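Quick notes on the structure that follows.
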2 protein chains.
Amino acid sequence: MRIGQLSADCDCPVETIRYYEKIGLLPQAVRRANGYRSYDEMHRKWLQFILRSRALGFSQDEVRQLTDLAHQQRPACADVYELLDAHINDVQTKIRELKRMRLALSRLQAQCHDGTLHDCPVIDELMG
Amino acid sequence: MRIGQLSADCDCPVETIRYYEKIGLLPQAVRRANGYRSYDEMHRKWLQFILRSRALGFSQDEVRQLTDLAHQQRPACADVYELLDAHINDVQTKIRELKRMRLALSRLQAQCHDGTLHDCPVIDELMG
DNA sequence: GCTAGACCCTGTAGTTACTACAAGGTCAAG
DNA sequence: CTTGACCTTGTAGTAACTACAGGGTCTAGC
Ligand SMILES: [Zn+2]
Ligand SMILES: [Zn+2]
Ligand SMILES: [Zn+2]
Ligand SMILES: [Zn+2]
């Protein structure tokens with residue numbers, strides 16, 4: 001299949017597919033006589049692997065480690081577990097940070113009293 | 001004061017200060033005869049305003065809107081409130097997304113059973 | 001007087017993970 | 001034979017900085 005078909009199948013922009021190939025995440029496509037990229041089921045699987053990993057928030061570097069593991073005939077469970085653990089930690093850290101922000105923002109917003117005040121204290125608060 | 005002093009005072013890298021000036025977030029520094037930037041209390045206040053806003057997760061564009069409001073002699077409370085509201089929504093959306101990931105990741109990791117399996121099912125799961 | 005070191009300047013390139021062209025080649029249908 | 005959909009490459013843009021390279025300035029010590 002050509003790149004447009006793969007793009008439609010995986011709901012992934014054509015440019016992104018080319019980009020993944022360029023940075024070496026996706027294996028090189030076979031080229032037809034006219035220069036068009038040609039894909040098979042194997043490529044589709046890899047692309048979906050990448051897309052699923054990205055949807056779970058794995059960074060490109062982490063996805064590369066995952067694909068490296070997946071390329072082995074018998075990926076070590078401990079390695080995968082560790083990778084997951086580290087990334088769950090990444091996600092947890094981000095959640096904590098965002099919750100901290102949300103709390104601070106809510107407190108700030110409460111000073112506004114529904115935006116009905118004539119002199120907003122939030123700006124003063126931010127100026128310190 | 002010179003840029004190094006401001007940097008130390010606000011715990012903000014020198015490059016970031018120059019960057020904020022370049023993109024017009026921070027008002028231009030006065031230049032001395034030798035070309036060095038010179039700052040006063042007013043600059044320090046603005047920089048802290050920016051840094052506090054960034055720490056609350058406001059984007060550069062949102063910070064620009066905040067500074068625009070702060071520049072007015074009587075910022076409208078409703079405008080500030082609205083800006084806060086929109087950003088709290090941004091943060092909330094990110095939190096939800098990350099929680100979704102965390103749940104999916106935990107489920108995936110549970111299939112590993114402490115990484116003691118000989119054949120890791122996670123890779124298969126990601127391949128689809 | 002001279003030099004070492006700390007500080008400052010500009011401008012450019014790198015980061016992450018794409019996205020959006022511009023300028024051109026290929027192919028099937030009408 | 002031309003229109004339009006598809007494909008190619010390469011470059012530049014996004015957010016929000018960060019890291020130099022290559023230079024100028026100033027102060028302290030010898
Ligand atoms: Zn496993
Ligand atoms: Zn991660
Ligand atoms: Zn208010
Ligand atoms: Zn926001």
Side-chain angles (χ1 to χ4, degrees), chain A residues 1-26 28-40 43 46-67 86-87 90-91 93-94 97-98 101, chain B residues 1-26 28-39 43 46-47 49-67 86-87 90-91 93-94 97-98 101:
Chain A
M1 80 186 104
R2 282 176 301 166
I3 198 167
Q5 185 63 51
L6 182 63
S7 165
D9 281 10
C10 297
D11 193 29
C12 171
V14 167
E15 291 90 349
T16 304
I17 299 176
R18 283 197 284 253
Y19 170 69
Y20 285 154
E21 176 177 321
K22 189 177 188 175
I23 63 169
L25 257 191
L26 199 61
Q28 298 267 4
V30 178
R31 296 304 183 115
R32 299 189 184 175
N34 59 11
Y36 288 13
R37 289 173 178 80
S38 189
Y39 296 96
D40 56 15
H43 287 102
W46 277 118
L47 180 54
Q48 292 209 331
F49 184 96
I50 295 167
L51 294 173
R52 289 210 183 92
S53 304
R54 295 285 306 125
L56 290 169
F58 285 103
S59 70
Q60 258 178 34
D61 192 66
E62 287 167 334
V63 174
R64 209 177 296 273
Q65 295 178 53
L66 276 173
T67 52
H87 181 55
D90 294 346
V91 172
T93 302
K94 277 189 200 144
E97 176 73 356
L98 285 168
M101 287 178 188
Chain B
M1 80 186 107
R2 283 176 301 168
I3 199 168
Q5 184 64 50
L6 182 63
S7 166
D9 280 11
C10 296
D11 195 27
C12 171
V14 166
E15 290 91 349
T16 305
I17 299 176
R18 283 196 284 251
Y19 170 70
Y20 285 155
E21 177 177 320
K22 189 178 188 173
I23 63 169
L25 257 192
L26 199 60
Q28 298 267 4
V30 178
R31 295 305 182 114
R32 299 189 183 174
N34 58 13
Y36 287 12
R37 288 173 179 81
S38 188
Y39 296 98
H43 287 102
W46 277 118
L47 180 54
F49 184 96
I50 296 167
L51 294 174
R52 288 210 183 91
S53 304
R54 295 287 302 126
L56 290 169
F58 285 103
S59 70
Q60 258 179 35
D61 193 65
E62 286 167 334
V63 173
R64 211 177 295 273
Q65 294 178 54
L66 275 173
T67 52
H87 182 55
D90 294 345
V91 171
T93 302
K94 278 189 199 145
E97 176 73 354
L98 285 168
M101 288 179 187

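Labels below follow one simple rule: chain letters A, B, ... track the order of the sequence lines, proteins then strands, and each chain is numbered from 1. Remember, it's a predicted structure, so these values are computed and weren't measured experimentally.
- Panel note: side chain A/R18, backbone A/K22; no donor-acceptor pair is recorded below 3.5 Å.
- The shortest side-chain heavy-atom distance between B/L51 and B/Y20 falls under the 4.5 Å cut-off.
- In this structure, CD1 of A/I17 is placed 16 Å from C1' of C/dA20, rounded to the nearest angstrom.
- Atom CG of A/N34 sits in a crowded spot, with more than 12 heavy atoms from other residues, nucleotides or ligands closer than 6.0 Å.
- Mapping A/Y39 and B/Y36 onto DNA chain D via the closest heavy atom, the residue that lands nearer the 5' end is A/Y39.
- Within the nucleic acid shown, A/R31 comes within 4.0 Å of sugar-phosphate atoms alone, with no base atom in reach, counting heavy atoms only.
- Note: CG (A/L51) to P (C/dC18) measures 9 Å, nearest angstrom.
- Annotation: of the two residues near DNA chain C, B/I3 and A/A33, the 5′-most nearest-nucleotide partner is B/I3.
- Rounded to a whole Å, the CD atom of A/E15 is 17 Å from the P atom of D/dT14.
- For B/R64 and D/dC17, the CZ to P distance is 11 Å, given to the nearest whole Å.
- What separates CD of A/E21 from P of D/dT8 is a distance of 9 Å, to the nearest Å.
- Within 4.0 Å of A/Y20, counting heavy atoms only, lie sugar-phosphate atoms of the nucleic acid but no base atom.
- In terms of modelled atom types and a separation under 3.5 Å, the side chain of A/H87 and the main chain of A/L56 share a donor-acceptor contact.
- The closest side-chain heavy-atom distance from B/Q28 to B/E21 is below 4.5 Å.
- Backbone-only contact: B/R37 has heavy atoms under 4.0 Å from sugar-phosphate atoms and none from a base.
- Set against C/dA17, D/dA19, D/dC6, the side chain of A/R2 has D/dC6 as its closest nucleotide.
- The distance from atom NZ of A/K22 to atom C1' of D/dC7 is 16 Å, rounded to the nearest whole Å.
- Residue contacts for A/I23: at a heavy-atom cut-off of 4.0 Å it reaches no nucleic acid atom on any strand shown.
- The nucleotide whose nearest atom lies closest to any side-chain atom of A/R18 is, among C/dT12, D/dT18, D/dT9, D/dT9.
- Distance A/R32 CZ to D/dC6 P: 14 Å, rounded to the nearest Å.
- For A/Q5 and B/F58, each mapped to the nucleotide of DNA chain D holding its nearest heavy atom, the one lying further toward the 5' end belongs to A/Q5.
- A/T16 has no side-chain polar atom (N or O) that falls below the 4.0 Å cut-off from OP1 or OP2 of C/dA17.
- Where A/N34 and B/V14 meet DNA chain C, the nucleotide closest to each residue was compared, and B/V14 sits on the side nearer the 5' end.
- Between the CG atom of B/D61 and the P atom of D/dC17 there is a distance of 13 Å, given to the nearest Å.
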